[in-house]
**Student:** 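My questions all concern the structure below.
Just so it is clear, the structure is predicted and the values come from calculations on it, not from any experiment.
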Amino acid sequence: MAYDSDLLKSNSAEALGTDQPLDTAEDADALYAEGMAHYRRREWEDARKCFTRLKSIAPGRRGVDALLNEVDIFIQLQDMQPEREAVSVDLDTAQGSPRAEAAVEQAVEAKAVSLRRSALPVMLVGVVAVIIIFLTLYGTGMLDSIIGNQRQTRVRALLNHGRAALTVGDCNRAVEAFGEALALAPTNEDVRIWYLKAQTCQQLASLYTQAEEAIAAEQWATAMEKLGEIVAIDLTYKDASEKMEVVQGLLTLDDLLTQANSYFEQGAWNQAIQALEQLQEQAPAFNPEEVQQLLFLAHFRSGIDLLAEAHDSPELIMQAIQNFDLALAIFPDDQTALAEKRLADLYRQAYLAFNQENWPQAVLVLRQIYDSRPDYMGGRAAALLCTSYVQLGDAYRAAGDLEQALEQYTNVLAIERCDHVEAAVREREVRDILYPPTPTPTNTPRATPTPLPTATRTSTPSPPPVPPTSPPQPTSPPKPTPRPTR
């Protein structure tokens, strides 16, 4: 691991008394000279640092391993027998010559063997002493007492640590502490009870976290389930009981919204409106955007369906207009709802005028509907407009205003959805009255008079008479150009 490598380099640099990393290039000869100087002065620790550094820089240098082994032995002997006289070796001439270095290496190795041999009995004596002490303590039972006291001290420390963790609500740390204590004292009932408490704390904390996540995601059923598990374990745990009451209310509201959606999908607008209005009354802040959108659409589509069923029912038309008003009370600027309300209101006015035989008003209003939407009310508005035009033409004809009558009949003929037969007959009748056809006169040839006999005399004959030409036939007046449809 990179962390371990860096730590090892840092520790090695600290041990060698330098802040430089191990891979810094250094003068191997200078380190060797410095190490040998410490060696001659019996400064074993300093010598060891130099030789260790030298080995890391020049691992192939001869004699370094032997010097390190010898220095380690001297350090051990110095620790065990500080007053023991160390064997001195004159190394003043050991620098600069390969032969001298080889000689030094051989001398050092020989000396190391000698020192190891001399240190072996001391080490054996120490080992035997330790064994004798261990057997003595074991035989007298004191070893168990010492170990038992240490275990009890550790258990008490772990118990205190676990209780402190529970106090601050750190259930995971409490479980770890009590679990370790129970492993050291598996028969300790007090430890076992605390361990179970910590596990319960851990379980409750996990359930509470899951419940909060479900509430944030508006998953009320899941939140209710988790809170129910908490209350079943500990009725007083945090605010689980209070949250459970709130979530129960939200779950009820969610069911009501689901029911409203179901009515909406079935086209049961009144039931959907009733459920949504109840939802708004009970909890105005519960999903307000979704509730308003559904309520708007339910009112709007109810108005559309009422118009489709209305036909000749003013009551249903009024109900449709009222539904459009309720939809616009939610979203006043919705252009579709505004357009539908306008057309429905115009249709209501036209229907009243039609029933009152107010043909000019009926034509005026129905024409606005037809220009906006020719197939409004399944073509019912267009049919009423055609009938109103004919009736208005008849009224003008009865009043003697044939020009206006002709215009109304012509308007009927300009509407594709009208029945043109009746209007065409009346239009022809009125046109014939206004512009009757003039008969064409015929030319009758005149008789040539017989000349009376005259006395014979010489005279200049007169030219024969020229027959008169036929006078120009009168032409019928041009037919008036129909007026543009208003």
Side-chain angles (χ1 to χ4, degrees), residues 1-138 143 150:
M1 296 175 61
Y3 173 81
D4 294 338
S5 175
D6 294 340
L7 181 61
L8 179 60
K9 290 181 179 181
S10 176
N11 292 339
S12 299
E14 182 180 355
L16 294 175
T18 179
D19 294 332
Q20 298 179 352
L22 289 178
D23 56 355
T24 303
E26 295 180 348
D27 191 344
D29 292 336
L31 280 174
Y32 180 80
E34 183 181 356
M36 292 305 298
H38 289 304
Y39 182 91
R40 287 192 296 272
R41 291 194 294 269
R42 301 181 184 180
E43 297 170 352
W44 311 122
E45 292 291 345
D46 294 336
R48 188 178 185 281
K49 291 180 182 180
C50 291
F51 293 144
T52 302
R53 186 67 170 258
L54 176 60
K55 184 178 179 180
S56 65
I57 295 173
R61 191 179 181 96
R62 298 178 57 187
V64 178
D65 291 334
L67 288 171
L68 283 172
N69 291 335
E70 183 179 358
V71 168
D72 288 339
I73 293 173
F74 284 144
I75 290 173
Q76 294 176 11
L77 291 176
Q78 188 176 30
D79 293 340
M80 296 173 60
Q81 299 177 1
E83 299 301 327
R84 179 173 178 174
E85 181 180 0
V87 180
S88 62
V89 178
D90 185 6
L91 299 175
D92 292 338
T93 60
Q95 295 180 341
S97 173
R99 291 186 178 181
E101 290 183 2
V104 169
E105 183 179 358
Q106 293 176 1
V108 168
E109 289 179 355
K111 187 166 156 185
V113 172
S114 175
L115 288 173
R116 283 195 293 270
R117 289 176 179 174
S118 61
L120 183 58
V122 177
M123 295 175 62
L124 290 175
V125 170
V127 172
V128 171
V130 172
I131 294 174
I132 292 173
I133 294 172
F134 177 80
L135 292 175
T136 302
L137 293 174
Y138 181 78
L143 183 62
Q150 292 179 345

**Student:** According to the interplanar angle, ranging from 0 to 90°, do the rings of Phe51 and Tyr32 count as parallel (below 30°), tilted (30 to 60°) or perpendicular (above 60°)?
**Tutor:**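 If you compare the ring of Phe51 with that of Tyr32, the planes turn out tilted.
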**Student:** Cys50 and Gly35: which non-hydrogen atoms are nearest, and at how many Å?
**Tutor:**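 That closest heavy-atom pairing would be CB-CA, 3.6 Å.
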**Student:** Going through the checks in order, is the side-chain contact (heavy atoms from CB on, under 4.5 Å) test met by Asp29 and Arg61?
**Tutor:** CA-CA 10 Å; Asp29 292 336; Arg61 191 179 181 96; 3.2 Å; yes
**Student:** Is there a side-chain contact between Lys55 and Leu31, using heavy atoms and a 4.5 Å cut-off?
**Tutor:**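 No, their side chains stay 4.5 Å or more apart.
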**Student:** So how far is it from Thr52 OG1 to Ile57 CD1, rounded to the nearest 0.5 Å?
**Tutor:**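 Result: 11.0 Å between the selected atoms.
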**Student:** Quick one: are Met36 and Leu67 in side-chain contact, heavy atoms under 4.5 Å?
**Tutor:**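 Yes; the side chains approach each other to less than 4.5 Å.
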**Student:** What are the two closest heavy atoms between Trp44 and Ile75, and how far apart are they?
**Tutor:**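 Nearest heavy atoms, Trp44 then Ile75: CB-CG1, 3.5 Å.
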**Student:** Using 0.5 Å steps for rounding, measure from the CZ atom of Arg48 to the CZ atom of Phe74.
**Tutor:**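 Taking CZ in Arg48 and CZ in Phe74, the distance rounds to 14.5 Å.
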